[in-house]
Amino acid sequence: MATQIEPRPDTATRPRHVAIIMDGNGRWAKARRLPRAAGHKQGVEAVRRVTRAARDLGLEVLTLYAFSSENWRRPEAEISDLMGLLRHFLRAEIATLVADNVKLRVIGDYRALSADLVAMIDDAIARTAANTGPILVIALNYGAQAEIAAAARRLACAVRDGAMEADAIDETRIESELSTHDLPPLDLMIRTSGEQRLSNFLLWQAAYAELLFVDTLWPDFDGATLADALEVFSRRQRRFGGL
Ligand code: FPP
């Protein structure tokens, strides 16, 4: 029989790990008759604010969905704007991340991005690797179904090579193959802009997470909005399948 993952009995009222689907940049810009790029630019400002607020509010991990594996379907010019903003963010924020003792992680197949960005990301990860404070996880070219499929492939290869028995594949083994395996469990998933979908983000990890959909457009999100979300979380009763 497959081993059941023991859900963490959680009496804590503050989440350790919060993930955010940052949505609404385009609508923020449209409402101001600005190009979509202006919305993404303000979105980066929100990333800066919220990263600092997460640290001040005592979160251990903040995971942000910056670019999904489906975002390649956007017009080339918009993809290029987003990559430019990521470049700018890494260049401008690395010193702050180092000074704030924040450790940067990236999940998703970021090696498919342009070579200069991959080098910048690797450099930023290396420069914050020894930091011991909160972890900022940026999801880039990330898709949860692809992540789970890759985990299944690795386990299938291990079985084929005689390194493990097929019967040994259980939830714990699959989880250990995910990019988040060494992070605290996801407690709270927030999506901004009123949309109520997970859009292929952390599907496995969200199994017991609280979901919160807020109307705020991502460029308007700030420390107060995050504090409000944590307040809502603290009033939720988490059951993990029990009573
Ligand atoms: C959704 O808004 C947002 C994105 C697809 C990208 C999020 C990216 C950033 C905030 C900037 C880059 C991030 C970092 C970490 C530097 P949308 O364009 O789908 O908005 P809409 O639904 O209103 O059109």
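Atoms within a ligand are numbered from 1 in the order they appear, just like the ligands themselves. Sequence positions, counted from 1, serve as the residue numbers for this chain.
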Between Ser199 and Phe201, is there a donor-acceptor pair closer than 3.5 Å when you use the side chain of the first and the backbone of the second? no

Donor-acceptor side-chain pairing of Arg154 and Ser176 below 3.5 angstrom: no

For ligand 1, which atoms have a heavy atom of Arg27 less than 4.0 angstrom away? 21 (P), 22 (O), 23 (O)

closest protein heavy atom to atom 1 (C) of ligand 1 is Met22 O, 3.1 Å

Check whether any heavy atom of Arg36 sits under 4.0 Å from an atom of ligand 1. yes

Which of the ligand 1 atoms, numbered from 1, are nearer than 4.0 Å to a heavy atom of His40: 18 (O)

At under 4.0 Å between heavy atoms, is it the side chain or the backbone of Trp28 that contacts ligand 1, or both, or neither? neither

How far apart are the C-alpha atoms of Asp222 and Asp220, what are their side-chain angles, what is the distance that settles it, and do they pass the side chain to side chain contact (heavy atoms under 4.5 Å, CB included) test? CA-CA 6 Å; Asp222 59 13; Asp220 293 325; over 6 Å; no

Regarding atom 5 (C) of ligand 1: of the candidates Glu195, Met83, Arg74, Lys41, which has the closest heavy atom? Arg74

So the atoms of ligand 1 within less than 4.0 Å of a heavy atom of Gly43 turn out to be 10 (C)

Within ligand 1, which atoms have a heavy atom of Gly26 less than 4.0 Å away? 17 (P), 18 (O), 20 (O), 21 (P), 23 (O), 24 (O)

Between Asp56 and Arg52 (salt bridge meaning N to carboxylate O under 4.0 Å), is one present in this structure? no

Could you name the option among Thr192, Asn25, Leu217, Val106 that has the heavy atom nearest to atom 9 (C) of ligand 1? Asn25

For Trp218, the atoms of ligand 1 under 4.0 Å from one of its heavy atoms are 10 (C)

With a 4.0 Å cut-off on heavy atoms, does Ser193 reach ligand 1? no

Nearest heavy atom to atom 8 (C) of ligand 1: which of Gly194, Ala37, Ala66 does it belong to? Ala66

Looking only at side chains, do Gln205 and Glu147 share a donor and an acceptor under 3.5 Å apart? yes

With distance as the sole test, does Arg236 use its side chain to make a donor-acceptor pair with the main-chain N or O of Leu211 at under 3.5 Å? yes

Looking at Ile138, Ile20, Asp23, the heavy atom closest to atom 15 (C) of ligand 1 belongs to Ile138

Does CZ in Arg197 sit with more than 12 non-hydrogen atoms of other residues, nucleotides or ligands closer than 6.0 Å? yes

Top protein contact for atom 12 (C) of ligand 1, by heavy-atom distance: Val44 CG2, 3.9 Å

With a 4.0 Å cut-off on N to O distance, would you call Asp215 and Arg191 a salt bridge? no

Donor-acceptor contact below 3.5 Å, side chain Asn200 vs main chain Ala144: yes

